Amino acid sequence: MNARPPMLTTEQALRQLLDAATPLTGVEVVPTIDANGRILAVDQYAQMDVPGSDNSAMDGYAVRAADCIGAAADAAVRLPVSQRIAAGQPGTALKPGSAARIFTGALIPEGADAVVMQESCVADGDDVLVSEAVQAGAWIRRRGEDIQNGGVILPAGTHLKAPQLGLAASVGLAALPVVSRLRVAVFSTGDELAMPGEPLKPGAIYNSNRFALRSLLQNLGCEVSDYGIVPDNLAATRDTLRRAAAGNDLIITSGGVSVGEEDHIKPAVAAEGRLTMWQIALKPGKPLAFGAIRRQADTVNAAAEAFFIGLPGNPVSTLVTFLLFVRPFILRLQGAVNVTPAAYSIRADFDWPRPDRRNEFLRARINAQGGLDLFPNQSSGVLTSAVWGDGLIDNPPGRAIARGDSLRFIPFSELL
């Protein structure tokens with residue numbers, strides 16, 4: 001009898017997935033306001049300076065710094081106010097020995113070289129009393145200090161989120177070229193599964209994974225085809241895989257990836273395509289499958305394959321394996337350059353004396369003292385741990401944790 005091959009480490013599994021992820025080549029142009037979550041396909045260049053002109057960083061008075069020499073709280077300098085400049089209303093040249101009332105974002109008038117904040121001034125009729133000396137350049141935002149005309153502001157492969165979209169809009173980019181949406185099929189296997197709103201038969205459970213996976217995929221900008229719940233039999237599983245492969249780039253399943261008599265994913269994928277990865281030394285989520293499903297001869301891409309990833313059925317296992325493996329795989333397929341979430345070193349405020357031989361990802365949250373608290377039940381079926389937690393502790397195989405230890409923590413904000 002052949003010995004079972006050793007399980008892959010999390011690093012080996014992720015490397016195998018990313019090495020196989022050939023980025024999509026399709027590009028579409030979408031309005032910038034609708035590009036949230038998409039991956040930029042082409043470098044974007046600024047065609048203007050930002051700011052476009054020198055402007056005031058705050059409300060106050062535009063002056064010549066030389067006119068305020070010696071100004072102090074007990075020796076204010078009096079200057080006549082020659083004009084009032086609001087944002088979007090250009091002023092006239094500032095005469096020596098005078099000041100201009102100015103507001104945040106307003107253009108600096110010719111002749112002025114500093115702004116005195118209004119908290120250091122007192123209006124007195126048509127004059128202003130300046131009680132603070134200023135240096136030339138004070139409280140002035142210079143033309144081009146944020147963005148310079150002709151520079152790359154967003155490189156290809158950028159994952160477009162709120163800051164990136166705001167930056168694109170700030171230089172007048174009304175539309176952006178993005179990678180075409182990844183087409184993803186998703187389905188769950190299990191005769192025990194029911195949908196919320198349906199009565200539960202004895203032994204049945206509601207299908208939470210369907211809702212979680214659809215949300216995760218939509219957040220990544222995917223076009224999702226939901227094939228629902230597939231019965232626990234080989235023929236139905238094979239048929240769904242064939243139909244899903246015809247019109248999708250990636251197929252994701254949950255459940256049925258173990259080695260029990262009612263787990264049909266492995267033989268179905270082997271019959272309809274190929275499996276290149278099966279088990280990972282990971283907790284939760286050891287049974288994670290990766291491979292591809294052949295497209296049938298009557299499809300447009302007869303020789304092509306659809307990628308396949310089979311996730312375990314327990315809800316926390318599904319969530320964790322998606323975040324650690326499926327998310328970076330999808331981002332790389334879409335051409336994203338950076339697919340690695342940021343991690344932080346944070347103090348443990350708990351003890352974990354009985355570690356697993358696998359790489360554990362423990363649900364934890366940051367407490368008021370800046371340390372990490374551990375959810376008391378780390379079972380792969382306890383989904384409340386993910387709702388309660390702020391992220392995942394990446395605990396190496398066999399490592400016991402004692403209070404005060406420094407741990408590698410990946411916030412959910414980096415993963416969701």
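All of these numbers come straight from a predicted model, not from anything done at the bench.
Checked by atom type and distance alone, the side chain of E272 never pairs as donor or acceptor with a backbone atom of V269 at under 3.5 Å. For R332 (side chain) and L17 (main-chain N/O), no donor-acceptor pair under 3.5 Å exists by modelled atom type.
Results of the salt bridge (Lys or Arg N to Asp or Glu O under 4.0 Å) test with R78 over D126, D67, D127 single out D127 as the only residue that passes. Just one residue in the list Q378, R363, R365 forms a side-chain hydrogen bond (donor to acceptor under 3.5 Å, both in side chains) with S385, and that residue is R363.
Closest approach of L324 to L14, counting heavy atoms only: O-CD1, 3.8 Å.
With 3.5 Å as the limit, one finds no donor-acceptor pair spanning the side chains of S254 and T318. A donor atom on one side chain and an acceptor atom on the other are not found under 3.5 Å apart for D49 and N149. Side-chain atoms of N359 and N395 include no donor-acceptor pair closer than 3.5 Å.
Ring orientation note: the planes of F187 and Y227 are nearly perpendicular, at an angle over 60° on the 30°/60° scale.
For I33, the CD1 atom is loosely surrounded, since the number of other residues' heavy atoms within 6.0 Å does not exceed 12. Shown here is W352, whose CH2 atom has more than 12 heavy atoms of other residues, nucleotides or ligands within 6.0 Å. Heavy-atom contacts from other residues, nucleotides or ligands closer than 6.0 Å to CD of E110 number 12 or fewer. Heavy-atom contacts from other residues, nucleotides or ligands closer than 6.0 Å to CD of Q148 number 12 or fewer. Environment of CD in Q47: sparse, with no more than 12 heavy atoms of neighbouring residues, nucleotides or ligands closer than 6.0 Å.
Aromatic rings from F329 and F290 are positioned such that their centres are separated by under 6.0 Å.
The pair D349-R403 fails the salt-bridge criterion, with no side-chain N (NZ, NE, NH1 or NH2) lying under 4.0 Å from an Asp/Glu carboxylate O.
In this structure, R101 is positioned above the aromatic face of Y61, its NZ or CZ under 6.0 Å from the six-membered ring centre and within 45° of the axis.
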